[in-house]
Amino acid sequence: VGDLLDAEFSADGAWLAISGDDTDVYLWDLKTDLQRNAPTYIMPHDTARVSSIRFSPDGHWLAAAKQEGVVLLWDLTQESVNTSLILENDNESPVHLEFSPDGRWLAVGGALGRINLWDTSQSPPEKAYGLVEHQRGILDLAFSPDNRWLASGSTDGLIWDLTSLPPEPVEICSNSADAVRALAFSPDNIWLAMGDDSGAVLLRHLEGSAVNDPCIELGNHDDPIRDLVFASNGTWLASGGGSPDVRTGDDRVIRIWQIE
């Protein structure tokens with residue numbers, strides 16, 4: 001595998017996928033090959049590295065972002081999964097992948113700021129929309145649990161209403177001017193948390209706020225926010241801060257916020 005770049009279990013625990021810097025995707029079938037040291041399948045594809053891998057929530061698809069500008073898609077319901085579909089990403093290197101909770105949408109965020117929405121309910125999957133509001137590369141993507149919203153982070157943070165197609169963007173927080181690296185929706189679909197490069201952790205109320213309302217500021221880290229996660233009951237939010245250069249970053253802490 002070489003250096004590990006990404007690893008993910010399918011939601012049903014049936015598959016484990018791993019990608020490294022040797023350009024291949026390694027797939028273990030945990031239903032039948034639990035005792036094997038070697039992967040069940042090795043999916044090679046030219047010389048480009050795989051920067052991100054994601055399973056669809058229903059276990060139907062495995063997606064892999066290749067740095068050459070395509071996304072590979074394997075149908076795990078087929079008897080043999082060695083053959084992949086190639087989703088063209090407009091010659092833009094895909095850097096982030098995210099499936100919607102219902103499995104319909106695959107969002108592909110590019111290195112130049114484009115987001116392609118693929119409709120995987122079609123056979124074969126179709127590129128339904130190209131979202132081009134961001135001016136720089138995509139840093140994070142997140143779908144709300146009810147499938148209504150897609151949030152995207154770049155030099156700014158945007159939220160897209162998927163109940164109104166084609167989706168139109170709205171700024172997440174009017175009181176943040178820094179790049180957005182971390183996004184998370186609460187399990188009850190009430191809150192969207194956002195972390196930016198200033199170290200700020202902010203909350204947007206999804207139902208009770210107007211388009212241009214400022215977000216609630218919870219507090220700050222000393223370094224950019226790298227990750228956010230809600231507890232399953234929605235009452236706690238964890239935020240992690242740190243510099244991309246571990247030699248200079250001085251935060252390296254996890255903060256826990258109570259959401260009321």
Side-chain angles (χ1 to χ4, degrees), residues 1 4-33 39-132 137-138 140-143 147 150-152 160 162 165-167:
V1 176
L4 181 67
L5 296 181
D6 205 358
E8 179 152 312
F9 284 99
S10 60
D12 60 3
W15 300 96
L16 168 64
I18 292 176
S19 67
D21 61 2
D22 61 354
T23 77
D24 295 336
V25 174
Y26 298 84
L27 187 64
W28 278 263
D29 183 348
L30 302 181
K31 305 184 299 296
T32 59
D33 290 346
T40 313
Y41 300 99
I42 300 177
M43 289 93 132
H45 190 268
D46 57 59
T47 60
R49 296 198 306 176
V50 174
S51 58
S52 179
I53 51 178
R54 288 291 184 274
F55 286 100
S56 62
D58 58 5
H60 189 143
W61 301 103
L62 170 63
K66 300 285 285 186
Q67 292 180 345
E68 64 181 356
V70 301
V71 174
L72 304 181
L73 200 62
W74 290 275
D75 186 344
L76 301 181
T77 66
Q78 299 298 311
E79 184 174 348
S80 174
V81 300
N82 277 317
T83 302
S84 64
L85 300 172
I86 298 177
L87 309 183
E88 297 291 343
N89 201 51
D90 302 296
N91 295 317
E92 185 173 338
S93 294
V95 290
H96 279 280
L97 301 174
E98 202 66 46
F99 280 98
S100 59
D102 63 2
R104 176 184 178 184
W105 299 109
L106 170 61
V108 181
L112 301 179
R114 183 185 181 92
I115 303 169
N116 284 327
L117 272 182
W118 292 82
D119 187 347
T120 65
S121 67
Q122 303 298 313
S123 182
E126 296 179 355
K127 182 165 60 180
Y129 303 103
L131 312 180
V132 292
I138 302 302
D140 200 13
L141 293 168
F143 282 97
N147 304 290
L150 169 65
S152 54
W160 311 77
L162 300 180
L165 299 175

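Along the sequence shown, residues carry numbers from 1.
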Which distance, rounded to the nearest 0.5 Å, do you find between the [atom1] of [X] and the [atom2] of [Y]?
X    : Y    : atom1 : atom2 : answer
S56  : D102 : OG    : CG    : 10.5 Å
F99  : R54  : CZ    : CZ    : 10.0 Å
N147 : S100 : CG    : OG    : 5.0 Å
L27  : F55  : CG    : CZ    : 5.5 Å
E98  : I138 : CD    : CD1   : 12.5 Å

Could you tell me if the side chain of [Y] sits less than 4.5 Å from the side chain of [X], heavy atoms only?
X    : Y    : result
L85  : L72  : no
N116 : V71  : no
W28  : I18  : yes
L162 : F143 : yes
V50  : D6   : no
L62  : W15  : no
T120 : W61  : yes

For the student: nearest non-hydrogen atoms of [X] and [Y], plus distance:
X    : Y    : result
V25  : A64  : CG2-CB, 4.1 Å
A11  : P57  : CB-O, 3.4 Å
L141 : A107 : CD1-O, 3.9 Å
R104 : D119 : NH2-OD2, 3.2 Å
V70  : E88  : CG1-OE1, 3.5 Å
L106 : A63  : CD2-CB, 4.1 Å

Listed pairs under 3.5 Å, donor-acceptor, residues 123-131 side chains, sequence neighbours left out:
| residue | atom | partner | partner atom | Å |
| --- | --- | --- | --- | --- |
| K127 | NZ | D90 | OD1 | 3.1 |
| K127 | NZ | D90 | OD2 | 3.2 |

Under the rule for side chain to side chain donor-acceptor pair (under 3.5 Å), what residues qualify as partners of W160, not counting sequence neighbours?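 S152.
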Please report the C-alpha distance between L150 and W105 in whole Å, then the side-chain angles of each, then the deciding distance to 0.1 Å, and finally whether the side chain to side chain contact (heavy atoms under 4.5 Å, CB included) criterion is met. CA-CA 10 Å; L150 169 65; W105 299 109; over 6 Å; no
Hey, mind stepping through H60 and L76 against side chain to side chain contact (heavy atoms under 4.5 Å, CB included) and telling me if it holds? CA-CA 5 Å; H60 189 143; L76 301 181; over 6 Å; no
